[in-house]
Amino acid sequence: MDVAHNLNEIKSTLKDNITLVAVSKTKPNKLVLDAYNAGHRDFGENKVQDLITKHESLPKDINWHFIGHLQSNKVKFIAPFIHLIHAADSLKLLRTINNEAQKNNRVIDVLLQIKIAKEDSKFGLDENDAIHILKSEEFNTFNNIKIRGLMGMATYTNDKLQIESEFTHLHNIYTEFKNLYFIDSTNFDTLSMGMSGDYKIALKCGSNMLRIGSTIFGERV
Ligand SMILES: *Cc1c(COP(=O)(O)O)cnc(C)c1O
């Protein structure tokens with residue numbers, strides 16, 4: 001697996017304002033280091049235990065992204081170092097992240113995961129649930145989290161038009177939230193959407209953060 005080559009192939013097609021998160025889940029440190037030594041610093045994991053193990057054994061200037069479903073009782077393990085939590089999907093989880101961030105004297109960057117796929121197996125908030133959270137009194141007391149934007153996953157399908165309509169929907173929600181709830185904030189600037197199979201469509205629909213695994217590190221078993 002020529003990780004550096006794969007990374008550069010993708011990066012050469014990306015505009016400067018696009019952040020590429022290399023999703024290293026299930027992959028060994030050696031492959032992460034191949035990417036690191038090629039200059040890459042943003043990596044994504046979706047299991048807390050794997051993330052802790054990698055954080056401990058890999059260079060400390062890596063920006064670790066948590067991209068999976070996060071259980072509240074595990075937030076404390078990643079709060080000291082996590083760079084961005086992509087998939088916050090409840091007020092309870094936001095409350096816990098805020099508390100753990102406070103204990104670590106940090107402000108943790110967070111994205112709200114919005115459910116855009118037709119499949120009901122996917123986690124995430126409905127648009128109205130998200131609005132409810134953003135308008136709540138309690139949310140406005142969370143001084144140790146910064147909502148940086150939204151994240152979403154399209155339906156796993158070959159139907160490009162469906163994927164495009166789901167990503168466009170998320171981009172519309174992103175723009176609406178920015179204008180309604182984050183108009184005075186320069187921090188709401190991140191739209192995380194697009195994986196190996198659909199990132200080109202995601203870019204067309206306004207994504208500025210991609211989460212790509214298998215195209216960089218090879219298929220997972
Ligand atoms: C695994 C995963 C990815 C990367 O998937 P690939 O198809 O390997 O690029 C992106 N986002 C999330 C949330 C994932 O769990």
Side-chain angles (χ1 to χ4, degrees), residues 1-14 18-28 31-32 34-35 40-54 62-71 74-75 78 82-90 93 97 109-125 130 148-160 162-164 166-167 169-171 174 190-221:
M1 212 5 86
D2 193 341
V3 167
H5 171 84
N6 297 342
L7 255 179
N8 288 330
E9 287 263 290
I10 299 172
K11 281 188 180 175
S12 67
T13 68
L14 299 181
I18 309 292
T19 302
L20 173 59
V21 179
V23 177
S24 52
K25 63 188 187 194
T26 78
K27 299 295 180 182
L31 293 187
V32 179
D34 286 349
H40 201 73
R41 291 295 179 271
D42 288 87
F43 294 90
E45 290 285 326
N46 70 340
K47 296 256 172 11
V48 167
Q49 189 51 58
D50 293 348
L51 173 54
I52 294 167
T53 308
K54 280 184 166 129
I62 286 177
N63 299 323
W64 287 109
H65 296 245
F66 194 78
I67 63 170
H69 180 67
L70 181 56
Q71 290 171 278
K74 294 194 174 160
V75 172
I78 65 172
I82 196 71
H83 177 70
L84 177 63
I85 293 173
H86 282 235
D89 61 357
S90 72
L93 179 58
I97 297 170
D109 284 352
V110 175
L111 305 177
L112 297 179
Q113 181 178 7
I114 306 291
K115 193 190 301 221
I116 52 170
K118 295 282 175 299
E119 307 142 331
D120 48 33
S121 61
K122 297 268 162 76
F123 293 103
L125 293 158
R148 296 299 303 263
L150 305 180
M151 176 271 206
M153 277 190 275
T155 302
Y156 189 73
T157 171
N158 288 323
D159 185 345
K160 293 204 160 78
Q162 185 179 346
I163 295 171
E164 185 170 335
E166 290 173 0
F167 281 154
H169 181 210
L170 184 57
H171 183 256
Y174 172 73
T190 304
L191 182 55
S192 167
M193 59 183 195
M195 326 192 342
S196 290
D198 57 21
Y199 77 89
K200 287 177 184 157
I201 305 173
L203 287 171
K204 224 169 64 170
C205 299
S207 168
N208 59 20
M209 185 172 280
L210 306 174
R211 309 175 313 270
I212 299 185
S214 41
T215 302
I216 298 170
F217 296 108
E219 294 295 331
R220 290 175 298 276
V221 281

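Predicted, not measured: the structure shown is a model, and the values here were computed from it. We number each residue from 1, following the sequence as shown. All ligand and atom numbering here is 1-based and tracks the order in the structure.
Side chains of L112 and D89 form no contact here, defined as non-hydrogen atoms less than 4.5 Å apart.
At a heavy-atom cutoff of 4.0 Å, ligand 1 is surrounded by V23, K25, I67, M151, M153, M195, S196, R211, I212, G213, S214, R220.
The main-chain N or O of A88 is never found under 3.5 Å from a side-chain atom of H86 such that the two would form a donor-acceptor pair. Judged by distance alone, the side chain of T155 and the main-chain N or O of K118 form a donor-acceptor pair under 3.5 Å. Here the side chain of T26 pairs no donor or acceptor atom with the backbone of R220 at under 3.5 angstrom.
In this pair, F123 and H69 present their aromatic rings parallel. The plane angle is below 30°, not in the 30 to 60° band.
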*asked:* Using the rule given for side chain to side chain contact (heavy atoms under 4.5 Å, CB included), can you reason through L70 versus V48, listing the C-alpha separation, both sets of side-chain angles and the distance that settles it, and then say yes or no?
replied: CA-CA 8 Å; L70 181 56; V48 167; 3.8 Å; yes
